[in-house]
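See below for the structure under consideration.
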Amino acid sequence: MSTDGEWDAPDQREGHGGRGAEALRCLVTGASGYIGGRLVPELLEAGHRVRCLARSPDKLRDHPWAGDVETVRGDVTDPESVGGAMRGIDVAYYLVHALGSGSGFEDTDRRAARVFAEQAEAAGVRRIVYLGGLTPRGVAEESLSPHLRSRAEVGRIFLGAPVPATVLRAAVVIGSGSASFEMLRYLTERLPVMVTPSWVHTRTQPIGVRDVLRYLVGSAAMPDDVDRAFDIGGPDVLTYREMMCRYAVVAGLRRRIIVPVPVLTPRLSSHWVGLVTPVPASLARPLTESLRHEVVCREHDIARYVPDLPGRPLPFDEALALALRRVREAQVATRWSSAAPPGAPSDPLPTDPDWAGGSLYQDERRLSVDVSRQDLWKVIEGIGGDNGWYSFPLAWAVRGWLDRFVGGVGLRRGRRDAERLRVGDSLDFWRVEEIEPGRLLRLRAEMRLPGLAWLEMYVETEGTEGTEGEGLTRYRQRALFHPRGLLGHVYWWSVSPFHAVVFGGMARNITKAAAKDGGGRGTESFADRVRPAPLRFLRSASRARRGRSRRR
């Protein structure tokens, strides 16, 4: 593979199912997202060559497959970068959307799709593959939610372009870490009695993420004369109420009592979902709006080109069981929060304390501890999620609630993996911007703020800045804030009196945790050790229920 965007002629390799298949050159957009991050290794396993187009290539570097692909920087709305990425490509996967970027997201989606189609034609691409949404039968497009309407329009743009296109249309995708699965999971697990919107009686046709990936990979080899959309779904057609009831059975929960009411509009129900689940209202709203109308497959023509395997597509219960097993075994490859939300801050971190770009506030803490660098790093890399933030849990919880209230992501996104982090991972209301194993973890804030914020945690050796050596290990922690406007300065000075409690406590408790039990986490997180007794009881009961579910 060359580094100038050109590849040699394709060869012949063994593809999926042991059949001889042409090794195609594939471009994947959205590789940092939920589907794209899982599609890349599937294409590689099928014997294809993969190039990823990403706005921030560094976010892909820690994926297990990063060394097997070519990554180029670019944006789907920029013709020049898309054109460069298309050179030498056979099949181009379009797995991005502008949902959540503001009221003009439909215009952004439309412009990006046209750029993609035009550049694919100019580069001689053989096929475009797009994953869109399943639309209801007999409903005028103007009556659809903006989310579904935009997905449908993007599909039409590709089908109207000169390059042959495969447009796959799916409804609810069930897989560990998908937004639809997380919404279903948390609603069912947290609410034994639910007052629900009327859309719980709407029928839909869910599909397992494994089958979505199988159809995406198989679409690459479709004949050149195939230029159409395909409905894809699993074998079960269910209402959302039935999905919640069946989830309870598969997860080993008691029977759920569900009382639908007609007064909860999609807007109100999205806030309800945002309150109960980690999925923020901004993402929950398009998901709930999509459930207003029945979305059931009208055909299964995809099987002519990607033949069904025994037991596939997966039945709903099997897809659920597989997703739950992945969650419990901490083997979630990607999550709905894998991709940064549109509009997330992307300015570079000011590295100079006397940065000339404007005001830069910082809070720095240094503590020495008589533990190994490995033990200290173990605590740092395990921060967040169930392990908490090692200081004043109520303050962190309140900050998360406030962020959700103003439309932010809040504190409940948790972690993809309980022990390991990689660049691009979401971590509660932070995102991992940089990680140097054993030395540095840098987080960028994604909560709603009047400025840009970072939190850095370093492991160093006392007296030998950043190197291995004898003596005490030093923990260094730095919080940085670059204010925007007067409100940003007011914000910093209003919260600075609490820094000694929040950041000072964090530094002390991280080093204490490292000094205790060889890394300090043991079987009880810091958040558990300081949580009030009633909350600890509820959490213990929840863990006990999960344990019974696993035994069943």
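Under the 3.5 Å distance criterion, with hydrogens and angles disregarded, a donor-acceptor pair is assigned to the side chains of Thr166 and Arg127. Judged purely by distance below 3.5 Å, without hydrogens or angles, the side chains of Thr77 and Arg111 never pair a donor atom with an acceptor atom. Residues His300 and Asp308 bring a donor and an acceptor atom of their side chains to less than 3.5 Å of each other.
Residues forming a ring-ring contact (aromatic ring centres under 6.0 Å, His included) with Tyr240 (at least two apart in sequence, or on another chain): Trp199. For Arg241, there are no side-chain hydrogen bond (donor to acceptor under 3.5 Å, both in side chains) partners at least two apart in sequence or on another chain. For Arg326, there are no side-chain hydrogen bond (donor to acceptor under 3.5 Å, both in side chains) partners two or more places apart in sequence or in a different chain. The side-chain hydrogen bond (donor to acceptor under 3.5 Å, both in side chains) search around Glu294 returns Arg203, not counting sequence neighbours. Listed by chain and number, the residues in a side-chain hydrogen bond (donor to acceptor under 3.5 Å, both in side chains) with Asp317 are Arg246 (sequence neighbours excluded). Checked against salt bridge (charged side-chain N to carboxylate O under 4.0 Å, His left out), Asp227 has no partners two or more places apart in sequence or in another chain.
Although no hydrogens or angles enter the test, the distance criterion places no donor-acceptor pair under 3.5 Å between the side chain of Ser178 and the main chain of Ile174. With hydrogens and angles disregarded, no donor-acceptor distance shorter than 3.5 Å links the side chain of Thr71 to the backbone of Pro57. Between the side chain of Asp417 and the backbone N or O of Glu419 there is at least one donor-acceptor pair closer than 3.5 Å. Here the side chain of Asp109 pairs no donor or acceptor atom with the backbone of Val154 at under 3.5 angstrom. Panel note: side chain Asp231, backbone Arg298; a donor-acceptor pair is recorded below 3.5 Å. Side-chain N or O atoms of Gln205 include none that pairs as donor or acceptor with a backbone N or O of Ala171 at under 3.5 Å. No donor-acceptor distance shorter than 3.5 angstrom exists from the side chain of Thr239 to the backbone of Thr204, with no hydrogens or angles considered. Side-chain atoms of Arg256 come within 3.5 Å of backbone N or O of Thr188 as a donor-acceptor pair.
Salt-bridge check for Arg61 with Glu434: passed, with a basic side-chain N closer than 4.0 Å to an acidic carboxylate O.
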Checklist entry - Does the pair Ile35 and Val209 meet the rule for a side-chain contact (heavy atoms from CB on, under 4.5 Å), with working shown? => result CA-CA 8 Å; Ile35 293 293; Val209 68; 3.9 Å; yes
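Rounding to the nearest 0.5 angstrom, the gap separating the CZ atom in Arg51 from the CE atom in Met86 is 10.5 Å.
Contact annotation: the side chain of Asp68 never approaches that of Val40 to less than 4.5 Å [non-hydrogen atoms, C-beta and beyond]. Within the 4.5 Å cutoff, side-chain heavy atoms of Cys297 are placed close to those of Leu134. Residues Arg38 and Val212 fail the side-chain proximity criterion, which asks for heavy atoms closer than 4.5 Å.
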